Amino acid sequence: MLLLLPLLLLPLVQGEDEGRVALQEEVNVLLYGTLQLGQALSDTYSSTASKLQKVMSRHNRQENSLQMLREQSSRAKSEEERLRREVNRLQQEEHEVQMFSRRIERELWEVRRGYRELQKKVQHLEEEESKTKAEGAATLKTKTERQNLILQVVMEVVTQQQAQMAKQRQQLHHILRKVSSVH
């Protein structure tokens with residue numbers, strides 16, 4: 001600001017003494033002021049250029065960080081989608097296994113009911129056999145034992161399927177925990 005003061009007064013001085021030649025001292029003051037103004041502008045330009053370079057450097061780092069975050073977000077979204085598909089697949093499998101297990105349970109219940117009825121018939125026939133023939137009851141007893149063996153096999157299959165369902169349920173819960181930790 002002090003440098004501009006002599007420049008502002010210059011037109012006033014010139015207006016009074018238009019015909020007068022400027023003194024060397026006035027010229028020196030003007031040159032010195034111009035040099036100081038040039039130096040100040042040069043310093044301001046250098047400072048501004050340095051600040052601008054720092055701002056651009058920060059901006060580039062932030063852009064790089066944003067790009068990395070975008071890529072991470074994209075990977076997380078694709079992983080989340082993959083996990084959702086896997087969860088849906090496992091839920092579908094679990095539903096199918098549950099339906100199969102229910103069907104097996106119904107069949108097992110029917111087999112048990114048939115087995116109880118068969119046992120009653122066997123008992124009744126054994127009572128009759130003791131009165132009549134031993135040969136007919138032995139055949140019926142063999143059929144009953146065969147039915148008992150079939151029932152045991154079906155019960156083993158149901159037990160295996162229940163274990164498989166429990167394992168799939170654990171896998172499903174594990175995946176669901178992964179999905180919820182992604183969010």
Side-chain angles (χ1 to χ4, degrees), residues 1-109 153-183:
M1 187 68 164
L2 291 175
L3 297 176
L4 295 178
L5 188 58
L7 291 176
L8 291 174
L9 294 177
L10 183 64
L12 292 176
V13 172
Q14 283 181 350
E16 295 172 3
D17 296 328
E18 269 187 44
R20 185 176 75 114
V21 176
L23 296 174
Q24 182 64 34
E25 186 177 307
E26 290 175 342
V27 170
N28 287 343
V29 167
L30 286 175
L31 283 175
Y32 180 71
T34 304
L35 286 173
Q36 284 185 333
L37 178 63
Q39 183 62 39
L41 286 174
S42 176
D43 291 346
T44 302
Y45 174 79
S46 296
S47 171
T48 303
S50 173
K51 288 177 184 176
L52 187 59
Q53 188 177 16
K54 287 178 184 177
V55 166
M56 290 302 291
S57 175
R58 269 190 243 134
H59 174 73
N60 288 339
R61 285 194 307 268
Q62 288 176 349
E63 280 295 320
N64 290 339
S65 296
L66 280 174
Q67 183 61 31
M68 286 175 31
L69 288 174
R70 283 186 201 110
E71 290 170 2
Q72 288 174 353
S73 175
S74 176
R75 284 192 301 267
K77 284 181 183 178
S78 64
E79 181 65 16
E80 178 184 3
E81 184 60 33
R82 186 190 68 76
L83 288 174
R84 283 185 196 276
R85 285 192 306 268
E86 184 68 18
V87 165
N88 287 338
R89 185 187 65 77
L90 287 174
Q91 286 174 337
Q92 181 64 30
E93 283 181 12
E94 180 182 18
H95 177 71
E96 290 171 4
V97 168
Q98 284 176 348
M99 296 302 291
F100 184 72
S101 178
R102 287 181 189 141
R103 192 176 82 232
I104 293 285
E105 285 177 20
R106 282 192 303 270
E107 290 174 6
L108 182 60
W109 183 83
V153 169
V154 168
M155 289 174 70
E156 286 178 18
V157 168
V158 167
T159 304
Q160 289 173 354
Q161 286 185 347
Q162 287 174 343
Q164 183 183 5
M165 279 179 50
K167 182 179 176 185
Q168 286 182 343
R169 209 173 283 120
Q170 286 176 346
Q171 289 175 343
L172 181 61
H173 289 297
H174 177 71
I175 290 174
L176 287 174
R177 281 193 300 269
K178 277 187 176 179
V179 168
S180 64
S181 70
V182 170
H183 290 299

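Just so it is clear, the structure is predicted and the values come from calculations on it, not from any experiment. Position 1 is the first residue of the sequence; numbering continues from there.
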Keeping Ser101 on the side-chain end and Val97 on the backbone end, is there a donor-acceptor pair under 3.5 Å?
no

Just do the side chain to side chain contact (heavy atoms under 4.5 Å, CB included) check on Gln72 and Leu69 with the steps written out, would you?
CA-CA 5 Å; Gln72 288 174 353; Leu69 288 174; 3.7 Å; yes

State which residue, out of Gln92, Glu93, Gln91, fulfils the side chain to side chain contact (heavy atoms under 4.5 Å, CB included) condition with Arg89.
Glu93

Salt bridge check: are Glu105 and Arg102 linked by an N-O gap of less than 4.0 Å?
no

Assess, by modelled atom type and distance only, whether the side chains of Asp43 and Gln39 contain a donor and an acceptor separated by less than 3.5 Å.
yes

Is there a side chain to side chain contact (heavy atoms under 4.5 Å, CB included) between Glu107 and Val154? Walk through the geometry before answering.
CA-CA 9 Å; Glu107 290 174 6; Val154 168; 6.0 Å; no

dist Glu80:CD -> Ser180:OG (nearest 0.5 Å) comes out at 10.5 Å

Establish, from distance only, whether the side-chain atoms of Gln160 and Gln164 form a donor-acceptor pair under 3.5 Å.
no

Separation between CZ of Arg169 and CD of Gln162, rounded to the nearest 0.5 Å:
9.5 Å

The reported gap from CG in Leu37 to OG1 in Thr44 (rounded to nearest 0.5 angstrom) is 9.0 Å

Using side chain to side chain contact (heavy atoms under 4.5 Å, CB included), reason through Glu94 and Gln98 one step at a time and then give a plain yes or no.
CA-CA 6 Å; Glu94 180 182 18; Gln98 284 176 348; 3.5 Å; yes

Taking NZ, NE, NH1 and NH2 as the nitrogens, is one of them in Glu86 or Arg82 under 4.0 Å from a carboxylate oxygen of the other?
no

Correct closest heavy-atom pair for Leu108 and Val158 would be CD2-CG2, 4.3 Å

Which residue, His174, Gln168, His173, forms the side chain to side chain contact (heavy atoms under 4.5 Å, CB included) with Gln171?
Gln168

Calculate, to the nearest 0.5 Å, the distance between atoms CD and CG belonging to Gln24 and Leu31 respectively.
8.0 Å

OG/Ser65 to CG/Asn60 distance, rounded to the nearest 0.5 angstrom?
10.5 Å

Could you give the distance from NZ (Lys77) to CZ (Arg84), rounded to the nearest 0.5 Å?
11.5 Å

Short side-chain donor-acceptor distance under 3.5 Å, Ser57 and Arg61
yes

Residues forming a side-chain contact (heavy atoms from CB on, under 4.5 Å) with Gln67, sequence neighbours excluded:
Arg70, Glu71

